[in-house]
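Chain naming here is simple, since letters A, B, ... match the order of the sequence lines and numbering starts at 1 in each. Just so you know, these numbers use all the heavy atoms, side chains as well, and skip hydrogens, waters and symmetry mates.
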2 protein chains.
Amino acid sequence: MGLTKSEMFTRSQNELAGIAKVLGHPARIAILQEIIKSKSCICGDLVQEVGLAQPTISQHLKELKNIGLIKGDIEGTRVCYCINTKKWEEVKQLFHSFFDTHIPMNDDCC
Amino acid sequence: MGLTKSEMFTRSQNELAGIAKVLGHPARIAILQEIIKSKSCICGDLVQEVGLAQPTISQHLKELKNIGLIKGDIEGTRVCYCINTKKWEEVKQLFHSFFDTHIPMNDDCC
DNA sequence: TTCATTTATCGTAATATTGCAATAAACAAT
DNA sequence: ATTGTTTATTGCAATATTACGATAAATGAA
């Protein structure tokens, strides 16, 4: 089969996993870092910098846009991508909350 | 093809993406939360709680163990899983560092 | 208009992931 | 030794992801 219904899990579990999944590819991490680094946000330069073919980069950008982490501004034939800082903060907070859940000490094992 | 060589990316890009990938499934998020919630760490109870077949849970546990987020203690026929707090803190810090990179304001677009 | 530039989309091949039934392996209890 | 319990592994089918060539779509420049 290979399909788990999302109804099996809570909304927040699906949300966090969905975002983590998009972050789960080094090219997309590289794209985000490159957008941040190049203060003025970049476009097809990502193809040069990341080293994947243009359609591939475009596809990764689409996924990052889908979860709202980046925005794209059309400027003539070019598209200027940049971080959506509002969403960036939200996602930061999401991971923060997840990892800050207190881990109780365990005497029984481990 | 469908394969990007990991040599294309930095060590830390691959590391972060690799961990995010494992977190990128709601069942694995649910498993982590359940382990945390059940103070005394649990075993095959996860099958009951998460609602997937035993081999599926076992497989997800394996992936979580691979990145070191959980440990498994064999206790007779049972295996007691719990959070590897040391690694947990490391991963928390990893995401923290990633999301805390300063996002420069952009006047050009977006 | 015609040509060059840039990005998105389509189509497709290669690969990876997911889920589970069947089964093995390890142990406890009788 | 046999039985029951628990977990890991194997094998496989269904699906998803990834990468890229080809192509379309949109714009700017000549």
(request) Would you confirm whether N14(B), through its side chain, and S6(B), through its main-chain N or O, come within 3.5 Å as a donor-acceptor pair? (result) yes
(request) Compare side-chain N and O positions of Y81(B) against OP1 and OP2 of dA8(D) and report whether any pair is under 4.0 Å apart. (result) yes
(request) Send over the distance from R28(A) CZ to dT17(D) P, rounded to a whole Å. (result) 9 Å
(request) Kindly point out which of dC20(D), dT7(C), dA8(D) is positioned nearest to the side chain of S58(A)? (result) dT7(C)
(request) Heavy atoms only: give me the nearest C110(B)-Y81(A) pair and the separation to one decimal. (result) SG-C, 4.2 Å
(request) Would you mind telling me which residue lines up with the more 5' stretch of DNA chain D, G24(A) or P55(A), judged by nearest nucleotide? (result) G24(A)
(request) Applying side chain to side chain donor-acceptor pair (under 3.5 Å), name anything that partners Q59(A), two or more places apart in sequence or on another chain. (result) none
(request) Name the residue closer to the 5' end of DNA chain C, choosing between K21(A) and V79(A) according to the nucleotide with the nearest heavy atom. (result) V79(A)
(message) Measuring from the side chain of L52(B) (C-beta onward, heavy atoms only), which nucleotide among dG21(D), dT17(C), dC20(C) has the closest atom?
(response) dC20(C)
(request) Do nucleotides 25-30 of chain D as a string where each nucleotide becomes B, S or -: B if the base has a protein heavy atom under 4.0 Å, S if just the sugar-phosphate does, - if no protein is that close. (result) --B---
(request) List the atom of A17(A), the atom of P26(B), and the distance in Å for their closest heavy-atom pair. (result) CB-N, 3.4 Å
(request) Please report the shortest heavy-atom distance between I31(B) and L61(B), naming the atom on each side. (result) CG2-CD2, 3.8 Å
(message) Side chain of T56(A), heavy atoms from C-beta onward: which of dA8(D), dC20(D), dA16(C) has the nearest atom to it?
(response) dC20(D)
(message) Looking at Q59(B) and dA8(D), is any side-chain donor or acceptor paired with a base atom of the opposite kind under 3.5 Å?
(response) no
(request) Using atom CG of D45(B) as one end and atom P of dT5(D) as the other, report the distance to the nearest whole Å. (result) 15 Å
(request) Grab the CG-P distance between L64(B) and dA8(D) for me, whole Å please. (result) 12 Å
(message) Distance check needed: dT18(C) P versus K62(B) NZ, whole Å only.
(response) 13 Å
(message) Using whole Å, what does the distance between atom C1' of nucleotide dT9(C) and atom NZ of K65(A) come to?
(response) 12 Å
(request) Quickly work out the L61(B) CG to dT9(D) C1' distance and round it to whole Å. (result) 14 Å
(message) Ignoring hydrogens and geometry beyond distance, is a side-chain donor-acceptor pair present between S38(A) and E34(A) at under 3.5 Å?
(response) yes
(message) Between P on dT5(D) and CZ on R78(B), what's the gap in Å once rounded to a whole number?
(response) 11 Å
(request) Answer yes or no: is there a donor N or O on one side and an acceptor on the other, between the side chain of R28(A) and the main chain of H60(A), under 3.5 Å? (result) no
(request) Measure from CD on Q54(B) to P on dT9(D) and round the result to the nearest Å. (result) 11 Å
